[in-house]
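These figures come from a predicted structure and were not determined experimentally. Whatever order the structure lists them in is the order used to number ligands and atoms, beginning at 1. For the single chain, residues carry numbers from 1 onward in sequence order.
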Amino acid sequence: MFVLTQLITALGKATGCLTVAVVVIAAVLNYFEDAEPIKYTSMTEDMKTLEENFRQQNKSCFILGASGETGKVLLQELLGRRIFSKITLIGRRALTFEDKAYEKVVQEVVDFEKLDDYAAAFQGHDVGYCCLGTTRAKAGAEGYIRVDHDYVLKSAELAKSGGCTQFHLVTAKRAHKESNFLYLKVKGQVEADVEALGFDRLAIYRPGFLLVDKQKSRPGEWLARKFFGALFAVGSKSMSIPIQMVAKAMVSNTLLQPEQKTEILENQAIASLGK
Ligand SMILES: NC(=O)c1ccc[n+]([C@@H]2O[C@H](COP(=O)([O-])OP(=O)(O)OC[C@H]3O[C@@H](n4cnc5c(N)ncnc54)[C@H](OP(=O)(O)O)[C@@H]3O)[C@@H](O)[C@H]2O)c1
């Protein structure tokens with residue numbers, strides 16, 4: 001009984017310390033929050049009206065990476081808000097959906113190593129969303145560059161040639177082509193190269209740690225999610241973000257008219273648009 005009481009007291013103290021640590025870290029991070037979110041000319045309009053106006057234009061879109069965490073939620077959000085008359089998933093494998101809501105979703109299976117042979121899959125879409133990505137741990141340094149830079153850029157090129165005018169690209173917080181870190185350097189480089197293609201509109205999303213509800217995860221991943229989740233909950237909106245907010249922000253942003261041709265949405269801007 002004594003040991004149990006001691007254990008409970010120790011756990012209580014540990015939780016208390018962790019809470020204090022999270023609050024202190026959040027306060028420090030808030031001080032260094034992202035720059036002012038970008039402004040939109042149409043932000044004052046009601047979102048429902050914007051959705052209705054957009055819907056009447058019968059536009060089509062494609063998603064790269066719809067089998068991934070972000071892409072999956074983005075697809076749900078797009079289906080729920082019904083702003084496109086046609087949604088195409090472009091990926092390396094066909095996906096199976098049970099729900100009736102997915103029955104009209106078109107799928108194009110491509111070989112990303114031979115994308116030129118699949119140019120037709122990229123033709124005729126008005127808007128493109130890219131949530132493609134891997135990690136150095138999964139694919140090695142070369143594989144990471146191949147997927148997160150080469151596949152993304154080639155897809156964007158084909159989409160642009162195929163008539164796509166609006167491209168939404170998910171990269172990552174602190175992406176910079178001059179970064180010393182491969183992960184951030186590749187993300188920054190792909191941002192710059194896609195921008196050079198000259199889409200009428202390019203939206204770049206730079207989320208921090210993505211908060212996802214996963215049934216199974218490695219202990220390190222679980223711990224990171226708890227930590228960043230707690231930070232987000234106590235008000236630090238610059239380090240992490242629930243994945244649903246990213247998806248919602250991407251869809252809402254599609255309806256808006258930014259003042260600039262290329263916009264960069266840092267984590268905080270994504271969070272405020274994705275509320
Ligand atoms: N996770 C984070 O905390 C975090 C934070 C900031 C930014 N990001 C960035 O946000 C984006 C989305 O992240 P996420 O966590 O949603 O990614 P994810 O769940 O790992 O999904 C990645 C997608 O890319 C596809 N993909 C991976 N390797 C491929 C390959 N060799 N060939 C073709 N397709 C391939 C996957 O297809 P399969 O299903 O077929 O594998 C999947 O659809 C990524 O660019 C990521 O770098 C992530």
Exercise for the section: Enter the distance from Tyr183:OH to Arg136:CZ here, rounded to the nearest 0.5 Å. Expected result: 13.0 Å
Practice task
Decide yes or no for Arg92 and Val109: does some side-chain heavy atom of the first lie under 4.5 Å from some side-chain heavy atom of the second?
Solution key: no
Exercise for the section: Determine whether any heavy atom of Gly91 lies closer than 4.0 Å to an atom of ligand 1. Expected result: no
Fill in the blank from the handout: re atom 43 (O) of ligand 1, the protein heavy-atom contact at minimum distance is Ser67 OG, 2.6 Å
Handout entry: Lys173 to ligand 1, any heavy atom closer than 4.0 Å
Key = no
Problem - Asn180 atom CG: more than 12 heavy-atom contacts under 6.0 Å - result: no
Practice task
Report the part of Val147 (side chain from C-beta onward, or backbone N, CA, C, O) that has a heavy atom under 4.0 Å from ligand 1; answer both or neither where that applies.
Solution key: side chain
Completion exercise
Taken to the nearest 0.5 Å, the spacing of Tyr129 OH from Glu77 CD works out to 10.0 Å
Problem - Test of proximity, Lys187 against ligand 1: N or O pairs below 3.5 Å - result: yes
Exercise for the section: Please check if the distance between the ring centroids of Phe232 and Phe209 is under 6.0 Å. Expected result: no
Handout entry: Min heavy-atom dist Lys72 to ligand 1 below 4.0 Å
Key = no
Exercise for the section: Identify, by atom number and element, the atoms of ligand 1 in contact range of Leu132, meaning under 4.0 Å from any of its heavy atoms. Expected result: 24 (O), 25 (C), 34 (N), 44 (C), 45 (O)
Completion exercise
For Gly208, the ligand 1 atoms with a heavy-atom partner under 4.0 Å come out as 5 (C), 6 (C)
Problem - Distance flag, aromatic centroids of Phe84 and Phe54, threshold under 6.0 Å - result: yes
Exercise for the section: Pick, from Leu211, Leu89, Leu210, the option with the minimum heavy-atom distance to atom 15 (O) of ligand 1. Expected result: Leu210
Practice task
List the closest protein heavy-atom neighbour of atom 16 (O) of ligand 1: residue, atom name, distance to the nearest 0.1 Å.
Solution key: Thr70 OG1, 2.6 Å
Fill in the blank from the handout: In this structure, CD of Glu108 is separated from CD of Gln123 (nearest 0.5 Å) by 10.5 Å
Completion exercise
Candidates Tyr183, Phe209, Tyr144; heavy atom nearest atom 8 (N) of ligand 1 found on Tyr183
Handout entry: Passing candidate, side chain to side chain contact (heavy atoms under 4.5 Å, CB included) with Leu50, options Lys48, Met47, Glu52
Key = Met47
Practice task
May I ask whether Leu64 places a heavy atom under 4.0 Å from ligand 1?
Solution key: no
Exercise for the section: Would you please determine whether Gly143 falls within less than 4.0 Å of ligand 1 on a heavy-atom basis? Expected result: no
Exercise for the section: Please indicate whether Arg81 has more than 12 foreign heavy atoms, meaning atoms of other residues, nucleotides or ligands, lying under 6.0 Å from its CZ. Expected result: yes
Exercise for the section: Run down the list Ala139, Gly133, Ser155 and name the one with the heavy atom closest to atom 22 (C) of ligand 1. Expected result: Gly133
Problem - N or O pair under 3.5 Å between Cys131 and ligand 1 - result: no
Handout entry: Euclidean distance, Ile264 CD1 relative to Ile204 CD1, rounded to 0.5 Å
Key = 4.5 Å
Exercise for the section: Provide, to 0.1 Å, the distance between atom 7 (C) of ligand 1 and the closest protein heavy atom, together with that atom's residue and name. Expected result: Thr171 O, 3.0 Å
